[in-house]
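Order of listing sets the numbers, starting from 1, for every ligand and every atom in it.
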Amino acid sequence: MLTSVFRLLRIVFTVVRFRLDVFIPFGLLPWYVRYTLGAVCAIGRKRAQQNRGERLRLALESLGPIFVKFGQILSTRRDLLDDDIADELAKLQDKVPAFPGHVAQAIIERDLKAPVSELFAKFSATPLASASIAQVHTATLHSGEEVVVKVIRPDIEKTISKDIRLLYTLAHLVANMSADGRRLRPVEVVTDYEYTILDELDLAKEAGNTGLLQRNFTHSDLLYVPQVYWDFSHRNVMVMERISGIPVADIAALNKANVDMKCLAERGVEIFFTQVFSHSFFHADMHPGNIFVDVSNPKKPKYIAIDCAIMGSLDDADKSYLARNLLAFFQRDYRLVAELHVESGWVPKGTPVHAFESAIRSVCEPMFAKPLKDISFGQVLIGLFQTARRFNMEVQPQLVLLEKTLLNIEGLGRQLYPDLDLWVTAKPFLEKWMSEQMGPKRVMEEVRKQAPQWAGQLPQIPNLIYTALSQLSHQEERMQAQTQAIEQLSKELQKGRKNIPFRLLGILSLASAWMVTDPESLEHLQTADIASLGLFLVGLYLLVLKP
Ligand SMILES: Nc1ncnc2c1ncn2[C@@H]1O[C@H](COP(=O)(O)OP(=O)(O)OP(=O)(O)O)[C@@H](O)[C@H]1O
């Protein structure tokens, strides 16, 4: 049996080699490829009838969950991808089988160093949900609280590093293929993805993020974040309060509960701007699967957010430039938009502002053809950043996250309440924030923030004053010495200027003495020679010895 398989393989190999030997020298390789890969081509022809985005989506789905997640993240890079591809990739869904409950238990016990029966009063071995990175089980604590236990998939780290290596290889191939390929910045996209997915692997980090987001909204009636049980949370396991609410995508259930949809949509926008501008810490994975609604007061519905693995933050400078950019855009002040991009360093310093301004105008002005309420903030940012990219804007990961979150929030808001006027909701917020940034409250805040540092430096102040004063006196002495030297130099120069006629006369005398003297007759000095010698001596005196 084995011998016949080997014989068959040898025949196949010989035929293939024979064909290559024959077809390559006669230039028939394309025919050979088409012939031998006929079956593949037939599949390809069938696939060719689907659009390119659909083909890419299907390819990623067949490659497995890590590629699916990559596609989901890629779908948010509308600054790089054409809309048809981005729309198709946004449809990617995780279809991963759950892993057995006993495996989850083993991971929990290894991580928390105690048997599950000791950790929980009840633990459901059947998962509540299963995704590409983690699986969620329900449980009850001994103290009676209902919780969920999130457990990282076994061996996921190995799978990820293998798939990431493959993604890098593909990215380098695409980058080297053409200028178009390079424009997509594939290597940089994969690097971004690697960071994101590695972050998601660490549930201790997610627990930390959840804790901070919860603290930021403790006194708010806009957003609720489930409590983390720190004693039960580790790198591979995280235990948190079990929440109950209506999934935000379930519009029918929200309507049935008489939820004020306009209020709900506006609150979504308010939460986003509060997170970005007031807290500098925003949930950057706001897809509908991660958002629920508490409808206990349907007139003032409250959001519930889970899955804080991916969070974004902007520093004060970025926030300020972003707010000023949006305000300038809505005032159609494209000159200011261009200047802000240069001032912020988002585009290089030498960028020709005039050319940049007109490029922005040509992209943004058509957006104003729509009524203001239909303009998408997300699309505005995409338009702006795509234009800026042509003027060598570097990728700013924090802005990419923000752009993606804004698009999610907008999409969600309009789904809940199609007449949502984002600008009307956001403008007062931005204007208030801007005026606060320049007002006395902000100055006081800055003083308060800096005060501990200043207090720490207080004891050094006498020493600093002494050093500064002694440096000042040294400086003064040095200045005096320099002034004297300069005065001396200027005197010299003036004297030199006065002597110029004498020096010229000296040069002339020397030159004439040299011209009239015959060097060979120096032994037989005659009157003319004596005169020229006299002339020489006068010249020498005027040139060298006269001060
Ligand atoms: N605190 C919670 N209370 C109730 N259900 C929860 C809670 N946390 C998670 N779930 C359920 O588990 C599902 C998956 O949770 P989560 O989104 O945190 O996992 P994930 O692995 O990050 O999934 P994905 O990658 O798809 O976002 C949620 O959609 C929700 O149905």
Side-chain angles (χ1 to χ4, degrees), residues 60-61 64-76 89-99 101 103-104 107-108 120 122-124 126-141 145-154 156-157 159-160 163 193 196-211 213-214 217 223-230 232-233 235-250 253 283-294 302-311 401 404-405 408 412:
L60 290 171
E61 269 174 6
I66 304 305
F67 289 87
V68 166
K69 227 173 167 56
F70 176 66
Q72 286 168 340
I73 291 182
L74 200 60
S75 73
T76 62
L89 293 186
K91 294 183 197 161
L92 280 164
Q93 299 279 338
D94 283 5
K95 278 190 219 120
V96 262
F99 58 90
V103 176
I107 297 173
I108 296 168
F120 307 109
K122 267 192 246 159
F123 178 83
S124 165
T126 315
L128 173 71
S130 187
S132 44
I133 308 283
Q135 183 159 295
V136 175
H137 291 257
T138 53
T140 309
L141 296 182
E145 284 105 328
E146 299 289 337
V147 294
V148 294
V149 186
K150 196 166 172 176
V151 185
I152 292 284
R153 279 186 168 269
I156 189 71
E157 225 162 324
T159 317
I160 289 177
D163 287 352
Y193 176 55
T196 311
I197 202 153
L198 292 181
D199 261 1
E200 281 198 62
L201 279 182
D202 186 353
L203 289 181
K205 215 173 220 176
E206 182 175 332
N209 289 340
T210 312
L213 192 67
Q214 192 204 28
F217 282 94
L223 180 71
Y224 185 78
V225 183
Q227 187 194 335
V228 175
Y229 291 91
W230 299 102
F232 298 87
S233 298
R235 189 179 159 82
N236 293 305
V237 180
M238 172 182 166
V239 174
M240 66 185 140
E241 171 190 354
R242 195 185 317 166
I243 51 101
S244 63
I246 298 177
V248 76
D250 194 348
H283 194 304
D285 197 11
M286 284 296 229
H287 67 76
N290 288 339
I291 310 169
F292 296 81
V293 184
D294 171 359
K302 191 170 183 171
Y303 282 91
I304 306 170
I306 57 164
D307 196 359
C308 302
I310 309 171
M311 303 298 290
L401 268 186
K404 168 193 144 180
T405 311
N408 277 342
L412 180 73

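The minimum heavy-atom distance between Pro226 and Ile304, with the atom names listed, is CD-CG2, 4.5 Å.
With hydrogens and angles ignored, the 3.5 Å screen pairs no side-chain donor or acceptor of His283 with any backbone N or O of Thr405. The backbone N or O of Phe99 lies less than 3.5 Å from a partner atom in the side chain of Gln135, making a donor-acceptor pair. Judged purely by atom type and a 3.5 angstrom limit, Asp285 has no side-chain atom pairing as donor or acceptor with the backbone of Ile310. Although no hydrogens or angles enter the test, the distance criterion places a donor-acceptor pair under 3.5 Å between the side chain of Arg242 and the main chain of Ala139.
Residue Gly289 places a heavy atom under 4.0 Å from ligand 1.
Considering both main-chain and side-chain atoms, Lys150 comes within under 3.5 Å of ligand 1 through a nitrogen or oxygen pair. Remark: ligand 1 and Asp307 share an N or O pair separated by less than 3.5 Å (distance only, no angle test). Taking distance alone, with nitrogen or oxygen atoms compared against 3.5 Å, Lys69 approaches ligand 1 more closely than that limit.
Taking every heavy atom of Arg242 and a limit of under 4.0 angstrom, the matching atoms of ligand 1 come to 3 (N), 4 (C). Remark: ligand 1 atoms within the under-4.0 Å shell around heavy atoms of Ile306 are 8 (N), 9 (C), 10 (N), 28 (C), 30 (C). Listed by number with element, the atoms of ligand 1 under 4.0 angstrom from any heavy atom of Asn290 are 17 (O), 27 (O). The contact set between ligand 1 and Val148, taken as ligand atoms under 4.0 Å from a residue heavy atom, comprises 1 (N), 2 (C), 3 (N), 4 (C), 7 (C), 8 (N). Within ligand 1, counting atoms from 1 as listed, the ones closer than 4.0 Å to a heavy atom of Ala134 are 21 (O). Residue contact check: His287 has heavy atoms under 4.0 Å from atoms 27 (O) of ligand 1.
For the 3.5 Å distance criterion, the side chains of Arg153 and Ser130 qualify, holding a donor opposite an acceptor.
A side-chain contact (heavy atoms from CB on, under 4.5 Å) with Ile306 holds for exactly one of Ile291, Ile243, Val148, Val225; it is Ile243. For the side-chain contact (heavy atoms from CB on, under 4.5 Å) test with Asp307, the passing option among Thr210, Asn209, Asn290 is Asn290; the others fail.
Here the shortest heavy-atom distance to atom 12 (O) of ligand 1, taken over Ala129, Pro226, Ala309, belongs to Ala129.
Counting heavy atoms under 4.0 Å from ligand 1, residue Gln135 does not touch it at all.
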